[in-house]
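Quick note: numbers below take in every heavy atom, side chains included, and nothing from hydrogens, waters or symmetry partners. The residues of the chain are indexed from 1 along the displayed sequence.
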Amino acid sequence: MHRRNLFLIASLGLLTLLGFSLAMKTGDAPASQMQKFVSAWIDSLDDAQRTKALVAYGSGDRTTWNFIPLETRKGLPLMEMNVAQQTAALRAVRAALSDAGYEKSSKIMQNESMLRILEGPGSEAKRNPEKYYMTIYGSPADAGTWGMSFEGHHLSLNFVCRDGVVVDSTPQFFAANPATLLSDVTGPLPKGTRILRDEEEIAFELVNKMQQSDRQQAVIDDKSPAEIRFASLPQPELAAAEGVRMSDLDRESQQRLNKLIDVYAKAVPAEVADERLRIIQADGPAEIYFAWAGATKPGIGHYYRIQGKSFLIEFVNTQPDAEGNPANHIHAVYRDLTGDFDLPIKSGT
């Protein structure tokens with residue numbers, strides 16, 4: 001493995017071990033922490049790097065997002081930074097996420113090295129843990145509005161800060177291929193790694209332990225779709241929610257559904273997650289629906305979505321993994337139905 005990649009992987013692990021210590025040093029709010037580390041990163045860049053990294057807040061690029069392998073993306077990639085700049089960028093990403101959110105992000109990046117091994121020669125350019133791009137929109141400051149995105153294969157994180165507060169943190173996309181690492185190969189992740197374990201296991205427990213009548217309402221199709229809906233769109237274009245209402249579920253199933261929602265909502269720092277959950281709770285259980293499609297056991301395509309008035313969660317595991325194992329490739333997204341990217345909702349959606 002390339003020496004730079006080894007250093008990056010070590011840095012990812014170190015910042016995971018640091019946990020909340022970055023924020024605890026000053027007690028600053030998440031937006032202030034992000035501003036501090038983003039500003040330090042910007043100060044380390046040369047003019048050519050800044051041209052790529054800094055984009056006007058009003059640019060249309062701010063609301064573009066994707067998670068497939070691309071030859072290039074908006075922003076400045078880690079592979080065009082020196083080691084100190086990489087570390088500074090990762091500190092800013094770390095400040096924008098919770099322990100759980102950063103651990104998932106770091107493992108998704110490390111997993112690119114595993115995909116390179118599993119797919120073999122010829123995959124080097126596509127599977128690169130340094131091919132993740134940092135972009136800053138506007139000027140980070142205590143007053144005013146600015147944004148940050150961090151994106152690459154299987155990862156898209158998007159934030160808007162206004163007057164020292166994180167006012168939006170979606171779309172939030174995490175994915176894993178393989179969903180479960182089945183091969184014992186030499187690399188940064190051990191056999192058995194499941195980056196998005198909770199997103200899958202809690203959902204299986206929920207659907208399989210529901211009362212039969214509730215499951216009949218929840219299952220909307222015997223076959224799983226191939227992909228999440230509205231992938232890469234600035235905002236989802238939704239129809240009416242389907243499935244079973246949370247309010248119709250028994251107490252244990254409601255608890256499991258809330259636990260599953262928490263997994264997605266708590267990928268960001270506590271202050272931001274608490275605001276997400278406050279908005280979700282305001283929807284009320286009568287306005288939150290859980291829908292399932294496909295198999296209710298691993299190894300066969302399965303899908304679910306959770307939809308309220310203010311949020312949408314989607315999960316799909318239908319595609320094979322890099323070695324051809326069926327239904328071992330997860331895509332999972334959390335979206336803000338009051339407006340991703342802090343944008344107003346289009347009329348009619």
Side-chain angles (χ1 to χ4, degrees), residues 67 170-176 179 196-233 235-267 276-277 279-319 326-338 340 345 348-349:
F67 51 84
T170 60
Q172 170 190 291
F173 181 91
F174 296 121
L196 303 179
R197 177 191 300 270
D198 289 346
E199 287 84 343
E200 188 165 47
E201 282 196 349
I202 297 171
F204 273 137
E205 183 180 16
L206 171 60
V207 72
N208 284 314
K209 291 188 176 180
M210 278 183 184
Q211 295 180 10
Q212 184 62 31
S213 59
D214 292 336
R215 192 194 300 188
Q216 288 175 346
Q217 290 186 63
V219 176
I220 58 174
D221 200 317
D222 292 336
K223 184 178 180 181
S224 170
E227 184 56 278
I228 61 170
R229 302 169 302 164
F230 322 117
S232 79
L233 293 182
Q235 295 182 12
E237 300 172 358
L238 293 179
E242 296 180 277
V244 62
R245 292 178 190 261
M246 177 184 280
S247 58
D248 291 338
L249 297 173
D250 59 63
R251 182 174 60 87
E252 290 78 10
S253 293
Q254 288 193 27
Q255 290 174 342
R256 293 184 188 103
L257 182 50
N258 277 319
K259 185 178 179 181
L260 184 56
I261 291 170
D262 281 354
V263 170
Y264 290 83
K266 293 182 177 180
R276 284 180 169 184
L277 292 171
I279 294 170
I280 289 171
Q281 289 163 4
D283 286 355
E287 297 288 347
I288 297 174
Y289 289 76
F290 174 78
W292 185 277
T296 55
K297 62 181 181 180
I300 307 172
H302 49 283
Y303 164 94
Y304 66 80
R305 65 176 174 259
I306 308 167
Q307 183 176 333
K309 293 172 63 177
S310 66
F311 75 104
L312 171 68
I313 290 168
E314 284 194 275
F315 169 107
V316 65
N317 187 349
T318 300
Q319 298 181 58
N328 196 33
H329 183 154
I330 292 172
H331 290 175
V333 68
Y334 179 96
R335 307 204 66 169
D336 178 4
L337 298 186
T338 69
D340 285 326
I345 290 293
T349 62

Q) What residues form a side-chain hydrogen bond (donor to acceptor under 3.5 Å, both in side chains) with D283, not counting sequence neighbours? A) S310

**Q.** Member of Y304, F230, F174, F173 meeting the ring pair (Phe, Tyr, Trp, His ring centres under 6.0 Å) criterion with H331
**A.** F173

Q. What residues form a salt bridge (Lys or Arg N to Asp or Glu O under 4.0 Å) with E227, not counting sequence neighbours?
A. none

Q | Spacing of L257 atom CG and L249 atom CG [to the nearest 0.5 Å] | A | 6.5 Å

**Q.** salt bridge (Lys or Arg N to Asp or Glu O under 4.0 Å) contacts in which one or both residues fall within residues 246-255, not counting sequence neighbours
**A.** none

Q. Taking atom OG1 of T170 and atom CG of D340, what is their separation to the nearest 0.5 Å?
A. 3.5 Å

Q: Look up atom CG in D198 and atom NZ in K259, then write down how far apart they are to the nearest 0.5 Å.
A: 7.0 Å

(Q) How long is the straight-line distance from CD of E314 back to CD1 of I306, given to the nearest 0.5 Å? (A) 10.5 Å

Q: Only pairs at least two apart or in different chains count here, so list each ring-ring contact (aromatic ring centres under 6.0 Å, His included) that has a residue in residues 205-224.
A: none

Q) Salt-bridged, E242 to R305, with N to O below 4.0 Å? A) yes

Q | Over all atoms of both residues, closest heavy-atom pair of S224 and A293 | A | CB-O, 4.0 Å

Q. Mind checking what makes side chain to side chain contact (heavy atoms under 4.5 Å, CB included) contact with A295, not counting sequence neighbours?
A. I300

Q.
Show every ring-ring contact (aromatic ring centres under 6.0 Å, His included) that has at least one partner inside residues 204-226, sequence neighbours left out.
A. F204-W292, F204-H302

Q) Can you name the salt bridge (Lys or Arg N to Asp or Glu O under 4.0 Å) partners of R245, sequence neighbours left out? A) none

Q.
Run the side chain to side chain contact (heavy atoms under 4.5 Å, CB included) test on Y289 and I220 for me, step by step, so that the C-alpha distance in whole Å, both residues' side-chain angles and the decisive distance to 0.1 Å come before the verdict.
A. CA-CA 12 Å; Y289 289 76; I220 58 174; over 6 Å; no

**Q.** Side-chain heavy-atom pair I261, F311 within 4.5 angstrom cut-off
**A.** yes

Q.
For G299 versus A327, what's the shortest heavy-atom pair and its separation?
A. C-CB, 3.6 Å

**Q.** Spacing of CG belonging to N258 relative to CD1 belonging to I202, to within rounding of 0.5 Å
**A.** 11.0 Å

Q: Taking salt bridge (Lys or Arg N to Asp or Glu O under 4.0 Å) as the test, write out the residues that go with R276, two or more places apart.
A: none

For residues 210-219, please give each side-chain donor-acceptor pair under 3.5 Å, one per line with the distance, not counting sequence neighbours.
residue: R215; atom: NE; partner: V207; partner atom: O; Å: 3.1
residue: R215; atom: NH2; partner: N208; partner atom: O; Å: 3.1

Q) Taking only residues two or more places apart in sequence, or in another chain, which ones meet K209 in a side chain to side chain contact (heavy atoms under 4.5 Å, CB included)? A) E205, R256

**Q.** Q254 side chain vs M246 backbone, donor-acceptor pair below 3.5 Å
**A.** yes

Q: Could you walk me through whether E200 and N317 pass the side chain to side chain contact (heavy atoms under 4.5 Å, CB included) test, one step at a time?
A: CA-CA 9 Å; E200 188 165 47; N317 187 349; 2.9 Å; yes

Q | salt bridge (Lys or Arg N to Asp or Glu O under 4.0 Å) involving D336 - partner list, sequence neighbours excluded | A | none

Q) Got a donor-acceptor contact below 3.5 angstrom from the T318 side chain to the P225 backbone? A) yes

Q) Excluding sequence neighbours, so at least two apart, what forms ring-ring contact (aromatic ring centres under 6.0 Å, His included) with Y264? A) none

Q. Could you give the distance from CZ (R335) to CG (L238), rounded to the nearest 0.5 Å?
A. 8.5 Å

